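Reading through the structure tokens given below for one structure.
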Amino acid sequence: QVQLVESGGGLVQAGGSLRLSCAASGRSLSSNFMGWFRQAPGKEREFVAGIRWSGESTYYADSVKGRFIISRDNARNTVDVQLNSLKPEDTAVYYCAARVDPFYSNNRGSYNYWGQGTQVTVSS
């Protein structure tokens, strides 16, 4: 079984930055595709960013492209996402997720493991 634990959320002013971290335990996820999703109140959970096992291929939602940066450290079994130039509309609970499949997907239904989420609140 895999456990994912997110950290790093908080309250930040618009234009600020946060770094979210996801620590995996249970087994190595070095061959898995990893993703970050978010869910705002009253909205569906949406894909934010994803990264392949090598770290060379990254994927972003259009709404965060150029502002967020995803990275992974397979030796430490962690996946981080740097949130820059934050906007009030980025306010949401952010979730780390892992796929057994090593390939890209932005479909939340295709992810096998989820963390409990971390709150990000951006004030205007």
Side-chain angles (χ1 to χ4, degrees):
Q1 188 70 352
V2 174
Q3 293 81 41
L4 302 175
V5 178
E6 303 95 336
S7 61
L11 173 64
V12 64
Q13 289 188 333
S17 298
L18 283 173
R19 187 174 185 88
L20 307 183
S21 185
C22 172
S25 62
R27 67 173 181 86
S28 172
L29 295 178
S30 61
S31 61
N32 297 71
F33 189 90
M34 300 295 296
W36 281 91
F37 287 74
R38 67 185 181 187
Q39 187 166 17
K43 295 188 177 181
E44 293 190 349
R45 192 170 299 187
E46 63 176 1
F47 175 81
V48 173
I51 187 166
R52 290 198 64 184
W53 70 272
S54 66
E56 295 179 354
S57 297
T58 57
Y59 307 85
Y60 298 93
D62 288 343
S63 59
V64 307
K65 201 170 294 183
R67 300 189 297 122
F68 291 8
I69 302 170
I70 189 171
S71 61
R72 69 189 295 168
D73 185 334
N74 288 334
R76 294 173 57 233
N77 232 17
T78 59
V79 179
D80 293 353
V81 60
Q82 177 71 33
L83 316 180
N84 298 319
S85 302
L86 283 162
K87 306 175 182 180
E89 51 264 43
D90 294 319
T91 295
V93 178
Y94 283 70
Y95 297 90
C96 175
R99 302 187 74 211
V100 171
D101 193 296
F103 300 106
Y104 163 70
S105 173
N106 63 1
N107 181 348
R108 65 181 184 271
S110 70
Y111 285 74
N112 306 96
Y113 306 104
W114 292 87
Q116 82 289 348
T118 185
Q119 177 71 46
V120 171
T121 303
V122 184
S123 63
S124 57

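Predicted model only: the values in this text are computed from it and were never measured.
T91 contributes a side-chain N or O that, together with a main-chain N or O of V122, makes up a donor-acceptor pair within less than 3.5 Å. Formation of a donor-acceptor pair under 3.5 Å by the R52 side chain with backbone atoms of E56 is not found in this model. Checked by atom type and distance alone, the side chain of D73 pairs as donor or acceptor with a backbone atom of A75 at under 3.5 Å. Between the side chain of R108 and the backbone N or O of R45, at least one donor-acceptor pair lies under 3.5 Å. Checked by atom type and distance alone, the side chain of Q116 never pairs as donor or acceptor with a backbone atom of V5 at under 3.5 Å.
If you chain together hydrophobic residues whose side chains sit under 4.5 Å apart, I51 and L83 fall into the same group. Hydrophobic clustering of Ile, Leu, Val, Met, Phe, Trp and Tyr side chains at less than 4.5 Å, counting indirect connections, keeps V93 apart from V48. Hydrophobic clustering (ILVMFWY, side-chain heavy atoms < 4.5 Å, transitive): L4 and L18 are in one cluster. Residues Y113 and I70 share a single hydrophobic cluster, defined by chaining ILVMFWY side chains whose heavy atoms lie under 4.5 Å apart. Two different hydrophobic clusters hold V79 and F33 under the rule that ILVMFWY side chains link at heavy-atom gaps under 4.5 Å.
Of all non-hydrogen atoms in G115 and Y95, the two that sit nearest each other are O-CD2, 3.6 Å. Of all non-hydrogen atoms in S31 and P102, the two that sit nearest each other are O-CB, 3.3 Å. The two residues A92 and A40 come nearest to each other via the heavy atoms CB-N, 3.8 Å. The two residues N112 and V100 have their closest heavy-atom pair at OD1-N, 2.7 Å. A pairwise comparison of heavy atoms in V120 and G9 identifies CG2-CA, 4.2 Å as the closest pair. For the pair S105 and F47, the tightest heavy-atom approach, listed with the atom from each and the gap, is O-CE1, 3.8 Å.
Here the straight-line distance linking atom CZ of R72 with atom OG1 of T78 works out to 9.0 Å at 0.5 Å rounding. For the atom pair S124 OG and Q13 CD, the distance stands at 9.5 Å (nearest 0.5 Å). In this structure, OH on Y111 lies 9.0 Å from CE on M34, to the nearest 0.5 angstrom. Rounding to the nearest 0.5 Å gives a distance of 7.0 Å between OG of S63 and CG of D90.
Residues Y94 and E6 are not in side-chain contact: their nearest non-hydrogen atoms beyond the backbone lie 4.5 Å or more apart. Looking only at side-chain heavy atoms (C-beta outward), S21 and S7 come within less than 4.5 Å of each other. Within the 4.5 Å cutoff, side-chain heavy atoms of R38 are placed close to those of V64. In this structure, F37 and N106 have side chains that are not in contact, with every pair of non-hydrogen atoms separated by 4.5 Å or more.
Using the six-membered ring where Trp is involved, Y104 and Y59 have ring planes that are parallel, under 30° apart on the 30 and 60° scheme.
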Steps toward side chain to side chain contact (heavy atoms under 4.5 Å, CB included) verdict (L86, F68) = CA-CA 9 Å; L86 283 162; F68 291 8; 3.9 Å; yes
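A salt bridge links K65 and D62; the closest N-O separation between the charged side-chain nitrogens and carboxylate oxygens is under 4.0 Å.
Summarising the local packing, CH2 of W53 is surrounded by 12 or fewer heavy atoms from other residues, nucleotides or ligands at distances under 6.0 Å. Counting heavy atoms of neighbouring residues, nucleotides and ligands inside a 6.0 Å radius, atom CZ of R19 exceeds 12 of them.
One side chain, N84 or Q82, offers a donor N or O that lies under 3.5 Å from an acceptor on the other.
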